Trainee: 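This structure is in structure tokens; I'll ask about it shortly.
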Amino acid sequence: ALVARFPGVRYVKEPRRGLNAARMAGARAARGEVLLYTDDDVVIDPRWIPAMLEPFAAPRVGAVTGLTMPLELETPAQALFEYYGGHGRGFKRQVFDQGVIPPAGAGQVGSGANMAFRRHLVLELGIFDAELDMGSVALTGGDAHGFYRVLAEGFRIVYAPDALVWHRHRDDYPSLRHMLFTYSVGGVAHLTRCCVEYGDWQAVEVALWWLKHHHLRNLARAIRRKRDALPIDLTLAELAGFIAGPTAYFRARRIERARRRVPAG
């Protein structure tokens with residue numbers, strides 16, 4: 001139906017399960033120099049494409065992220081997610097490189113719902129390995145790992161807030177709790193991969209900083225019943241995801257390596 005409605009659109013089917021597998025399939029099928037990625041639960045602004053492409057005029061820019069705003073705030077769960085951070089990264093343009101943040105901390109530069117990469121980097125570096133993100137045991141983390149690879153290779157990432165999309169947040173409380181759990185699992189799975197695959201021990205420092213300043217801080221505030229504290233069950237869901245992250249990564253890696261050993265056909 002999409003192709004019939006928009007004749008210029010090509011639909012590519014990827015038989016492997018997983019968001020990262022789909023991202024790589026799109027990269028292989030594309031013809032342009034820049035790949036733009038978004039999700040099926042967002043509405044893009046009419047100026048999104050030119051705003052995402054503009055920073056790539058600088059040759060050392062390897063990726064671009066944009067501002068992700070809530071499409072609606074009609075339920076308590078949607079409002080709660082946005083109040084405690086959401087997907088937005090502010091309204092100020094920023095340029096990230098290794099002098100600004102360690103590559104292992106690249107998850108803070110943006111989200112997978114609003115990102116773009118130079119195609120040759122995606123293909124040459126295998127940026128979106130199938131053992132991370134939705135559809136894998138790791139659940140999420142593919143976008144953060146993609147940003148990591150770009151920064152680790154010495155490229156810059158530009159956060160361009162004029163590249164705007166509107167995201168439909170989870171509208172019920174159980175879905176919100178599960179989402180926070182999956183984000184935490186995938187984030188730590190990504191950091192585990194940084195250590196195991198690339199020997200980047202700064203990833204341990206990033207993980208411990210996140211544990212101390214986010215998870216344990218939020219838990220302490222919830223226990224003390226601070227007025228603006230995140231509900232304790234959401235904090236515990238994030239903490240459970242943090243603990244599960246390393247095991248999830250090794251399980252996902254084992255599954256992916258077993259798949260690669262199976263002959264095609």
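Just so it is clear, the structure is predicted and the values come from calculations on it, not from any experiment.
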Trainee: Please report whether the ring centroid of His145 lies less than 6.0 Å from that of Phe128.
Mentor: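 That pair fails the under 6.0 Å test.
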Trainee: So Tyr148 and Leu191, do their side chains get closer than 4.5 Å, heavy atoms only?
Mentor: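 No - every pair of side-chain heavy atoms lies 4.5 Å or more apart.
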Trainee: For Arg10 and Ala29, indicate whether the former's side chain and the latter's backbone hold a donor-acceptor pair under 3.5 Å.
Mentor: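 It does hold such a pair.
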Trainee: Is there a side-chain contact between Tyr249 and Val196 (heavy atoms, below 4.5 Å)?
Mentor: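 Result yes, sub-4.5 Å side-chain heavy-atom pair found.
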Trainee: A cation-pi test, strictly: NZ or CZ of Arg60 under 6.0 Å from the centre of the six-membered ring of Phe155 and no more than 45 degrees from its axis. Yes or no?
Mentor: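 Judged by the rule, Arg60 and Phe155 form a cation-pi pair.
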Trainee: For Leu164 and Trp48: C-alpha separation, side-chain torsions, deciding distance, then whether side chain to side chain contact (heavy atoms under 4.5 Å, CB included) applies.
Mentor: CA-CA 6 Å; Leu164 178 64; Trp48 180 65; 5.8 Å; no
Trainee: Please tell me if the side chains of Pro231 and Leu80 come closer than 4.5 Å, counting only heavy atoms from C-beta onward.
Mentor: yes
Trainee: Walk me through whether Arg149 and Glu124 qualify under salt bridge (charged side-chain N to carboxylate O under 4.0 Å, His left out).
Mentor: CA-CA 11 Å; Arg149 295 300 307 281; Glu124 292 169 9; over 6 Å; no
Trainee: In terms of hydrophobic clustering (I, L, V, M, F, W, Y; side-chain heavy atoms under 4.5 Å; direct or indirect links), are Tyr183 and Leu239 co-clustered?
Mentor: no
Trainee: Just say parallel, tilted or perpendicular for the rings of His167 and His169, cut-offs at 30° and 60°.
Mentor: tilted
Trainee: Please check this pair: side chain of Arg118 against backbone of Val61, looking for a donor-acceptor N/O pair closer than 3.5 Å.
Mentor: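 Yes.
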Trainee: Answer whether the closest heavy-atom distance between the side chains of Thr140 and Leu19 falls below 4.5 Å.
Mentor: no
Trainee: Under 4.5 Å between side-chain heavy atoms, counting indirect links through other Ile/Leu/Val/Met/Phe/Trp/Tyr residues: same cluster for Leu73 and Leu230 or not?
Mentor: no
Trainee: Is Arg23 salt-bridged to Asp143, cutoff N-O under 4.0 Å?
Mentor: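 Salt bridge: no.
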Trainee: Would you please classify the geometry between the Phe147 ring and the Phe117 ring as parallel, tilted or perpendicular, with 30° and 60° separating the classes?
Mentor: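 Parallel: the ring planes of Phe117 and Phe147 meet at under 30°.
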Trainee: Shared ILVMFWY cluster between Met115 and Ile127, side chains joined below 4.5 angstrom?
Mentor: yes
Trainee: Do Asp45 and Val165 come within less than 4.5 Å of each other through their side chains, counting heavy atoms only?
Mentor: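 Not in contact.
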Trainee: If the threshold is 4.0 Å, N to carboxylate O, is there a salt bridge linking Glu131 and Arg257?
Mentor: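 No, this pair does not count.
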Trainee: Between His214 and Glu238, is there a side-chain donor-acceptor contact under 3.5 Å, judged purely by atom types and distance?
Mentor: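 There is such a pair between these side chains.
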Trainee: Measure the shortest side-chain to side-chain distance between Val206 and Trp209 over non-hydrogen atoms and say whether it is less than 4.5 angstrom.
Mentor: no
Trainee: Please determine whether a side-chain nitrogen of the Lys or Arg among Glu72 and Arg168 lies less than 4.0 Å from a carboxylate oxygen of the Asp or Glu.
Mentor: yes
Trainee: Is it true that Arg259 and Glu256 have a side-chain N and a carboxylate O under 4.0 angstrom from each other?
Mentor: yes
Trainee: Salt-bridged, Arg93 to Glu54, with N to O below 4.0 Å?
Mentor: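 Judged by the 4.0 Å cut-off on N to carboxylate O distance, Arg93 and Glu54 do form a salt bridge.
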Trainee: Excluding sequence neighbours, so at least two apart, what forms side-chain contact (heavy atoms from CB on, under 4.5 Å) with Pro76?
Mentor: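 If we apply the side-chain contact (heavy atoms from CB on, under 4.5 Å) test to Pro76, skipping adjacent residues, there are no hits.
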Trainee: Verify the distance criterion only: is there a donor paired with an acceptor across the side chains of Asn218 and Tyr84 at less than 3.5 Å?
Mentor: no
